[in-house]
Peer 1: 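Here it is: the structure, laid out below.
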Amino acid sequence: MKLDQFEAWSKRIASWSKAYLAGLRRRPVRAQGEPGDVLAALPASAPENAEDFETIFADFERLVPDAMTHWQHPRFFAYFPANAAPVSMLAEQLANTIAAQCMLWQTSPAATEMETRMVDWLRQAMGLPQGIRGTIHDTASTATLAALLTMRERALDWAGNREGLSGQPRLRIYSSAEGHSSIDKAAWIAGIGQDNLVKVASTGPLDGMDQAALRAAIAEDRAAGYKPAGLVIVTGGTSVGAMDPVAELIAIAREEGLYTHVDAAWAGSAMICEEFRHYWAGAEGADSIVFNPHKWLGAQFECSVQFLANPEAQVKTLGLRPDYLETLGQSDIVNYSEWTIPLGRRFRALKLWFLMRGYGLEGLRDRIRNHVAWAKDAAYEISTIDGLAIVTEPRLSLFSFAAQDDAATEALLQRINDDGRTYLTQTRHKGRFVIRFQIGPFECTREDVMTAVKAVRELHSTATS
Ligand SMILES: *Cc1c(COP(=O)(O)O)cnc(C)c1O
């Protein structure tokens, strides 16, 4: 493609994009196709000769949009959001055009220095103290892996990377039963092992980690010859929004010499509003905190920020500087690839810069406050439907509900998602099958929420009448 065609096509794709976003409400939220539809429509092998872009784009329009679940749909209330504010999409277009590999300061001075500044803007916006620094990863899974590797190396006095894990003390990591599966995967990859990730019971009105059970587990492990290394604390669990008692758990971790990592992948965005910070009171004392601006805040996927009280521990764990990556004559610059797992990195700070300037922190707070308020309204409305009950009250903008029994709840969920007006997903709470309702789409209105509630009401009553 020649550059003048590139320009014309960029404009056409911009028009398509506007129409797509403006027309989302008319589409079913969840893809309605069958497994194998797209695979069958794609030729078995790549073409030998170039094809016309007109044909390629026509095929895109024919095959792709209807076979996608629309994450930017204003009635996407499943999982957690993956919000992409329009200004952050524009930042991505520019980052894609410059297409830099931002591994070192030298390969990307603007990306590196903007990353430093954007992480600090967020630190201030979230009420975290000066001195905390951080970096941007692709996803929370990677940030949590970085934290678990740091826990491991710190506990082994940095011998793991050098000597391997064979013959080292057996480490223990603690998290609650409400911890995300990315913690399990990090324990596998870090060579700590599933059996050494201790899932402490969660309890109480917020499903937070039981402190006495944590103390007991640590004492038992020490007596059995294990070496406790780290604690992962949950602020806003993925299942039902569990909230661990952060300050209390950090106090225990300090007494026990454990490295702490707070997983606030979803809920972290809400901390730009002072009134929600009680949910993670004490987080400023953590060694590491992860939150995903690509979830609720509006920075296009992927964008996961990790705050670090002491980056040196993580850099000592992950930082390598072979000869071919030396920046000659500048030993004091920051190379964020030494803070993270992959060497290669995208220019992710640009979309944060556009996002925070394009809406202002007030514009971003307004959205989150609305979502939290509408979740209360929606939970109330659903509680008035005969035969449905709220199982977990809203934690920020997430609540769950259920019908009389698991089979009825599951059947209701199926009808809701086949209907298409909204999209909800399931989890289990204390063994019970429940439907999650999470309000977070960037462009959602109160009317969208009530449309979804109406769909739940109608689809439940058709089944029971
Ligand atoms: C979404 C989520 C994750 C995983 O995030 P990725 O960025 O997809 O890796 C981890 N923890 C919690 C609490 C989450 O909600």
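Order of listing sets the numbers, starting from 1, for every ligand and every atom in it. For the numbers below, each heavy atom of this structure counts, side chains included, while hydrogens, waters and symmetry mates do not.
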Peer 1: Show your working on side chain to side chain donor-acceptor pair (under 3.5 Å) between Asn310 and Arg133 and close with a plain yes or no.
Peer 2: CA-CA 8 Å; Asn310 165 26; Arg133 290 151 74 195; over 6 Å; no
Peer 1: Should we say atom CE of Met68 is surrounded by more than 12 heavy atoms from elsewhere, each under 6.0 Å from it?
Peer 2: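 Counting neighbours around CE of Met68, 12 or fewer heavy atoms of other residues, nucleotides or ligands fall under 6.0 Å, so no.
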Peer 1: Side chains of Gln300 and His294, heavy atoms from C-beta outward: is any pair under 4.5 Å?
Peer 2: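 SC-SC contact between Gln300 and His294 ruled out.
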Peer 1: Taking salt bridge (charged side-chain N to carboxylate O under 4.0 Å, His left out) as the test, write out the residues that go with Asp448, two or more places apart.
Peer 2: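 Salt bridge (charged side-chain N to carboxylate O under 4.0 Å, His left out) list for Asp448, sorted by chain: Arg25, Arg75.
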Peer 1: Return the set of residues passing salt bridge (charged side-chain N to carboxylate O under 4.0 Å, His left out) with Arg215 (not counting sequence neighbours), or none when no residue passes.
Peer 2: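 Partners of Arg215 under the salt bridge (charged side-chain N to carboxylate O under 4.0 Å, His left out) test: Glu255.
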Peer 1: Short N or O contacts of ligand 1 with protein, under 3.5 Å, listed by atom name?
Peer 2:
residue  : atom   : partner : partner atom : Å
ligand 1 : 7 (O)  : Ala140  : N            : 2.8
ligand 1 : 7 (O)  : Asn292  : ND2          : 2.8
ligand 1 : 9 (O)  : Ala140  : N            : 3.4
ligand 1 : 9 (O)  : Ser141  : N            : 2.8
ligand 1 : 9 (O)  : Ser141  : OG           : 2.5
ligand 1 : 11 (N) : Asp263  : OD1          : 3.2
ligand 1 : 11 (N) : Asp263  : OD2          : 2.6
ligand 1 : 15 (O) : Thr238  : OG1          : 3.0
ligand 1 : 15 (O) : Lys295  : NZ           : 2.8

Peer 1: Listed by chain and number, what are the salt bridge (charged side-chain N to carboxylate O under 4.0 Å, His left out) partners of Arg170, not counting sequence neighbours?
Peer 2: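 With sequence neighbours excluded, Arg170 shows a salt bridge (charged side-chain N to carboxylate O under 4.0 Å, His left out) to no residue whatsoever.
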